[in-house]
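Scroll down for the structure; my scribbles are underneath it.
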There are 2 protein chains.
Amino acid sequence: MSVSIDNFLKNIYLLNQETAGAVTSSNLAGRLEISVAAVTDMARKLGKQGVVDYKPYKALQLTRQGDEQALKIIRKHRLWELFLHEVLGLDLLSVHQEAERLEHHTSDDLMNHISRFLGHPDFDPHGDPIPGIGGHIPSEKGVIPLTEILENQRCMIKKLRYRNAETSDLYDRYGLKTGLVLKVMKVFSFDGSIEVKLPDGKKEVLSGKLAANVFCIRK
Amino acid sequence: MSVSIDNFLKNIYLLNQETAGAVTSSNLAGRLEISVAAVTDMARKLGKQGVVDYKPYKALQLTRQGDEQALKIIRKHRLWELFLHEVLGLDLLSVHQEAERLEHHTSDDLMNHISRFLGHPDFDPHGDPIPGIGGHIPSEKGVIPLTEILENQRCMIKKLRYRNAETSDLYDRYGLKTGLVLKVMKVFSFDGSIEVKLPDGKKEVLSGKLAANVFCIRK
DNA sequence: TAGCAATTTTAAGCAACCTTAAAATAAAAA
DNA sequence: TTTTTATTTTAAGGTTGCTTAAAATTGCTA
């Protein structure tokens, strides 16, 4: 399977998850940074191969087989991320870029060695679930955006959504990491910003937009 | 730089080392498992790019720049091999196949992290030298084939040449590994085979051909 | 429901990397 | 030195994954 196909399937899957809506050609084209025509081409081709359910002018959908392949790649991506971060100490931003390339050139056998080395983990360093060999996805039940936590409640960070280099930078500045326990001190309804108290006692005010990308479980 | 170009440069370098002779198009074509015409094409192209010194009908040679690029890839390959073997416990055969793919998709930064993790090692698990960042190649001075060790002399294995899956299998059966100390008990001039004594006291007779692929230093 | 705007498909073409087969050159033998 | 053989180059063509531009289709809006 080529890198292009890998990425095609993976991104249909992810786009479907993220937007919880229909995956259109133009959406996918934007995400893959290729032309819409290239998406149509590939979709038709993968339709013939039975991994995409392709009908002209209709939204893109993976078949069961396509789903399996997508999860396999996502598994590799997330295991690499965790490995590079935990074992080799790469920062969370590089980790994504490296994994993005390595995922396509890693045998199932190597991946299983890495999984075992890491103790068959359930979540990557961003808090995203790592699909199992059989495609099983660890549950994220109870994980909600920080914006849903009420004043004076405490929560533990489970997931930080990395939209780009800037969010990463912001998380760093505030010292936000998965596993951290926060207390919400005040919610400013004026602009949605939230004051939180960190374990070291420091208090920080996060913008509402940033808080919407921080996910946690109630404590 | 593409995978094809990587492999082209790397294999000119290695072929030149191994045969200590002129690298011909047909040699390289055989090794890369592509047609001779494809080699000519690529050679001309890389000649224009200044990494290969291309003259029609002449042997292929890397420029200084080409050498540098080849060494960079070889560095990545051998660091990956050591890492996969030492850290993740892959066997010496898989290690080569995995490294063969990963080497092309690993940033310099990641490679340096791996090198640091391993303590900036000088040799890969096959005993081949790992070029440094600046292209410096660790010395193999004093490393000679096992066939040059005289009766009753002792030596330490520094390098096992893996020609194919079979040699690998043979090394396993005899328990030969880099670092092991052997004593040559008897050399049979009839067929060049050599009886050696292993650290555990076991004695084994190796064929002359196999012995020629085992390299060691005198003890 | 007719027409317009947005989206998707089709068509034609390009670059990279490969192929086979024919032509050119080099090297070896007679 | 001429001929034969082996090797290398050139030529023509194929596949993959992309591009842009034109045509087709969808679906929204008036």
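Chain A is the first sequence line, chain B the second, and so forth, proteins listed ahead of strands; every chain is numbered from 1.
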Open item on the list: For a quick check, with a 4.0 angstrom heavy-atom cut-off, what is the B/S/- contact string for nucleotides 10-16 of chain C, read 5' to 3'?
Closed with: B------
- [ ] Answer yes if the side chains of H77(A) and E81(A) hold a donor-acceptor pair under 3.5 Å, and no otherwise.
- [x] yes
Open item on the list: For the residue pair D109(A) / S107(A), report whether a side-chain donor-acceptor contact shorter than 3.5 Å exists.
Closed with: no
Whole-Å gap separating [atom2] ([N]) and [atom1] ([X]):
{"X": "I5(A)", "N": "dT16(D)", "atom1": "CD1", "atom2": "P", "value": "9 Å"}
{"X": "I34(B)", "N": "dT15(D)", "atom1": "CD1", "atom2": "P", "value": "19 Å"}
{"X": "D6(B)", "N": "dC17(C)", "atom1": "CG", "atom2": "P", "value": "11 Å"}
{"X": "L60(A)", "N": "dT9(C)", "atom1": "CG", "atom2": "P", "value": "8 Å"}
{"X": "K55(A)", "N": "dA24(D)", "atom1": "NZ", "atom2": "P", "value": "24 Å"}
{"X": "E33(A)", "N": "dT19(D)", "atom1": "CD", "atom2": "C1'", "value": "15 Å"}
{"X": "L28(A)", "N": "dC18(D)", "atom1": "CG", "atom2": "C1'", "value": "14 Å"}
{"X": "N7(B)", "N": "dC17(C)", "atom1": "CG", "atom2": "C1'", "value": "13 Å"}

List the residues meeting side-chain hydrogen bond (donor to acceptor under 3.5 Å, both in side chains) with [X], not counting sequence neighbours, and say none if there are none.
{"X": "R75(B)", "answer": "N112(B)"}
{"X": "N27(A)", "answer": "T24(A)"}
{"X": "R116(A)", "answer": "none"}

- [ ] Only counting residues at least two apart or in another chain, list the ones meeting salt bridge (charged side-chain N to carboxylate O under 4.0 Å, His left out) with D41(A).
- [x] R44(A)
Open item on the list: Quick test of your reading: applying salt bridge (Lys or Arg N to Asp or Glu O under 4.0 Å), list the pairs with at least one residue in residues 88-102 of chain A, sequence neighbours left out, ordered by first then second residue.
Closed with: K10(A)-E100(A)
Please tabulate, for the side chains in residues 133-147 of chain A, all donor-acceptor contacts under 3.5 angstrom to protein atoms that are two or more places apart in sequence or on a different chain.
unit_1  : atom_1 : unit_2  : atom_2 : d
S139(A) : OG     : K141(A) : N      : 3.0
E140(A) : OE2    : K159(A) : NZ     : 2.9

Task: Residue pairs passing the ring pair (Phe, Tyr, Trp, His ring centres under 6.0 Å) test where at least one lies in residues 100-122 of chain B, sequence neighbours excluded - done: H105(A)-H105(B), F83(B)-F117(B)
All N/O pairs under 3.5 Å across the protein-nucleotides 2-7 of chain D interface:
none

